[in-house]
Amino acid sequence: MSVSEDVARRAPARRTATHDLTRTSGIGLGVTMIWFSLLVLVPLAAVVATAAAGGLGGFWSAISNEQTAAAIKLTVLSAFAVTVVNIVVGTTISWVLVRDGFPGKKLLELVIDIPFALPTIVAGLVLVSLYGNDSPLGLHVANTEYSVFLAFLFVTLPFVVRTVQPVLEQLDPEIEEAAASLGASRLTTFRRVVLPALVPAIAAGAALSFARAVGEYGSLVLLSGNLPFRSEVTSVRILAAIENDNRSSAAAIATLLLLISLAVIVLLDVVQRRVARRG
Amino acid sequence: MTYVLRVVVVAYLFLLVAWPVSLVVTHTFAHGDEAIRAILEDPDMQSALRLTAIAAVVATVINTVFGVGVSLLLVRNEFPGKRVVSALLDLPLSVSPIVVGLALVLVYGGRNGWLGPSLESAGFQVIFSTPGIIMATAFVSLPLVIREVVPVLHELGTEQEQAAASLGASGAQTFWRITLPSIKWAVVYGVVLTLARSLGEFGAVKVVSGNVLGSTRTATLAVEEKYLNFDQEGAYAIAFLLASVSVLAILVVFVLRSREARHH
C-alpha cells in the first residue's frame with residue numbers, strides 16, 4: 001500500500017531536482033487545490049464545524065447516547081482485534097509469499113488483492129453466503145457481534161500484507177544466515193533480525209487497517225443485521241442520524257470517527273519513527 | 001515449519017476470500033443464465049448499471065487528470081505547505097464512506113447545505129442527483145492514481161526532461177513526449193484501480209443519492225435492495241457482474257506488473 005515508502009527504500013539514490021513554481025505550475029496548483037478543497041477539505045470541515053456548533057455538551061450527548069456508545073465500543077474493539085490478527089496473519093502471509101515457493105503461489109497474490117477491488121456490498125453478500133444462515137459450513141456468524149469482526153477481517157486483509165511484502169523482499173537472507181551460523185535459533189533470528197526491520201511497515205499497515213475498519217459500512221449491511229446493542233457499528237448510527245435529519249448528532253459521531261482514525265495514524269507514525277531512529 | 005505456515009496461509013485465504021467469492025458464481029448460475037438475463041433485460045437495472053458506469057468513468061477521468069497533475073506538482077516543485085498537502089491527499093482512504101456522504105450533504109445539500117441552496121437556485125442540483133454521486137465516487141477513489149504515479153516520478157528523476165528542455169522542447173512537448181510515456185504504466189494501474197473502486201462504491205453513494213429507482217439507484221444499491229426484498233438471485237446476479245469487473249481489474253494489473261517485472 002504505502003508505495004511511496006517502498007520505492008523510497010528501494011531507490012533512494014537519485015535526487016530529484018525540484019524548483020520553485022513557474023507560472024503554469026502555479027496555475028495548476030491553484031486549480032487542483034480549489035478542486036481538492038471543494039471535494040474533500042470543505043466538506044470534512046463542514047462535518048467538524050457542524051459538530052462544533054452543538055458545543056461540547058451537544059457533542060457529548062450525541063456520542064454518549066446508550067445505543068451509539070454501544071456501537072462505538074463494538075466498532076473500536078472489533079477494529080482493534082482485527083488489527084492484531086492482521087499484524088500476525090498479514091506478516092505470516094507476506095513471509096510465505098516472499099520466502100516460500102510452491103505451485104499456485106501466484107494465485108494467492110491475486111486472492112489477497114480481491115478485497116481491495118471487490119465492492120463492499122458484494123463482500124458482505126459473499127460472506128453471508130458462507131457464514132450466514134444457510135452456511136454450508138454450519139457456521140452462523142451473520143447477525144451476531146462476530147459478523148462485524150469477520151467483515152472487518154475481509155476488507156482489511158491486503159493492508160499489512162502489501163506494506164510488509166516489499167520490505168521483506170529487500171531484506172538480505174544472508175544476514176539471517178549469518179545469525180543462524182552464529183547459533184541463533186530460527187525464532188531468535190526472526191525476533192532479533194527480521195522483525196525489527198519489518199516493524200515500520202507492519203505499523204503502517206496496521207494503521208491503515210484500523211482506520212479502514214473503524215469506518216466500514218458496506219460489507220456489514222447484509223451480514224450484521226444492524227441489531228442495536230449487538231451488531232450495530234458506528235457508521236450505521238451515523239446513517240440513522242442522517243436519515244432522522246439529526247445532522248448535529250451525525251456530525252458529532254462522524255467527528256469522533258475522524259479523531260479516532262487520526263489518533264491511530266499519528267500513534268503508529270510515532271512508533272514507526274522511533275523504530276526507524278533506533279535502527 | 002515452512003510447510004505448516006504454507007498450509008495455514010492457504011487455508012486462511014481459502015476460507016476468508018476464495019470460497020466466499022466463488023459462491024457468487026455458483027449462486028448466480030444455479031439456474032443457468034436465467035438470473036443474469038433477467039437483470040440485463042430489466043429496464044430499471046439497465047439504468048442502474050448505466051448510472052454506475054457513468055459515475056465511475058467520470059470520477060476516474062477526473063481523478064486521473066487531477067492525480068497526474070498533483071503528482072507532477074508534488075514531485076517537481078517546491079511550495080509552502082507541500083508536506084501538509086501530501087498528507088491530506090491520503091485522507092480519503094481513511095474516512096468512512098458514510099462520513100464522506102454526510103460531508104458532501106452538509107456542503108451541497110439543497111435545503112441547508114453551505115453551498116447547496118445557492119447552487120440549486122442557479123439550477124444545479126448536486127445531492128440526490130448524478131453530480132453528487134460522481135463527487136462521492138471521486139472522493140473515495142481520489143488518492144489511488146497519485147499513489148501509483150508519485151513513486152515512479154521520484155525514481156525517474158529529471159535528467160531526460162532537462163535534456164528535452166535544453167534542446168528547445170516546450171513544457172507541453174516535454175510532458176507528452178518524455179514524462180507521460182515514462183509514467184504510462186503507473187497511470188494505467190492507477191486508472192484500473194480507481195475504476196474498480198469507483199464501480200463498487202456503496203456507503204457514500206447511498207447517503208448522497210436518495211436511492212430513487214430508475215434515476216439515482218446505482219448497481220451496488222440495487223444489490224442491497226434486491227437482497228432485502230428476498231430477491232436473492234437478482235442480488236447475486238448484479239453482484240456477479242460487479243465482482244467480475246473488479247476481479248478483471250486486479251487481473252489486468254497483475255499481468256501487467258509481472259510482465260514489467262520480467263523486463264527489468
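Per chain, numbering begins at 1; letters A, B, ... match sequence-line order.
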Residue among Trp95(A), Trp35(A), Tyr217(A) with most heavy-atom pairs under 4.5 Å to chain B: Tyr217(A)

Under 4.5 Å, counting heavy-atom pairs only, tell me which of [options] racks up the most with chain A.
| options | answer |
| --- | --- |
| Leu193(B), Val247(B), Leu88(B), Leu199(B) | Leu88(B) |
| Ser22(B), Pro97(B), Ser246(B) | Ser246(B) |
| Ala239(B), Gly69(B), Pro92(B) | Ala239(B) |
| Glu161(B), His27(B), Arg197(B), Glu224(B) | Glu224(B) |
| Val95(B), Val10(B), Leu15(B) | Leu15(B) |

Region of [X] in contact with chain B, defined by heavy-atom distances below 4.5 Å:
| X | answer |
| --- | --- |
| Val96(A) | side chain |
| Leu39(A) | both |
| Lys106(A) | both |
| Val40(A) | both |
| Leu137(A) | side chain |
| Thr32(A) | both |
| Leu41(A) | side chain |
| Arg186(A) | side chain |
| Thr50(A) | side chain |
| Leu262(A) | neither |
| Leu257(A) | side chain |
| Val85(A) | side chain |
| Ala49(A) | side chain |
| Ile242(A) | side chain |

Side-chain contact test, heavy atoms from C-beta onward, threshold under 4.5 Å: evaluate it for [X] versus [Y] and give yes or no.
| X | Y | result |
| --- | --- | --- |
| Val128(A) | Tyr227(B) | yes |
| Tyr12(B) | Thr92(A) | no |
| Ile93(A) | Val9(B) | yes |
| Leu157(A) | Leu13(B) | yes |
| Asp245(A) | Arg111(B) | yes |
| Ser94(B) | Arg212(A) | no |
| Ile114(A) | Val21(B) | yes |

To the nearest 0.5 Å, tell me how far [X] [atom1] sits from [Y] [atom2].
| X | Y | atom1 | atom2 | result |
| --- | --- | --- | --- | --- |
| Phe116(A) | Leu144(B) | CZ | CG | 8.5 Å |
| Leu16(B) | Ile112(A) | CG | CD1 | 11.0 Å |
| Leu222(A) | Leu228(B) | CG | CG | 6.0 Å |

Sort [X] into side chain, backbone, both or neither according to what part of it lies under 4.5 angstrom from a heavy atom of chain A.
| X | result |
| --- | --- |
| Leu142(B) | side chain |
| Leu102(B) | both |
| Ile238(B) | neither |

Residues in side-chain hydrogen bond (donor to acceptor under 3.5 Å, both in side chains) contact with Asn244(A), at least two apart in sequence or another chain: none

Results of side-chain hydrogen bond (donor to acceptor under 3.5 Å, both in side chains) for Asn86(A) - residues two or more places apart only: Thr156(A), Ser209(A)

Residues which pass side chain to side chain contact (heavy atoms under 4.5 Å, CB included) with Val76(A), listed by chain and number, not counting sequence neighbours: Ile72(A), Phe210(A), Ile260(A)

Close approach to chain A in residues 201-209 of chain B, criterion heavy atom under 4.5 Å: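 Residues of residues 201-209 of chain B touching chain A at under 4.5 Å: Phe202(B), Gly203(B), Lys206(B), Val207(B).
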
Side chain to side chain contact (heavy atoms under 4.5 Å, CB included) evaluation trace for Phe14(B) with Val111(A): CA-CA 9 Å; Phe14(B) 180 71; Val111(A) 167; over 6 Å; no

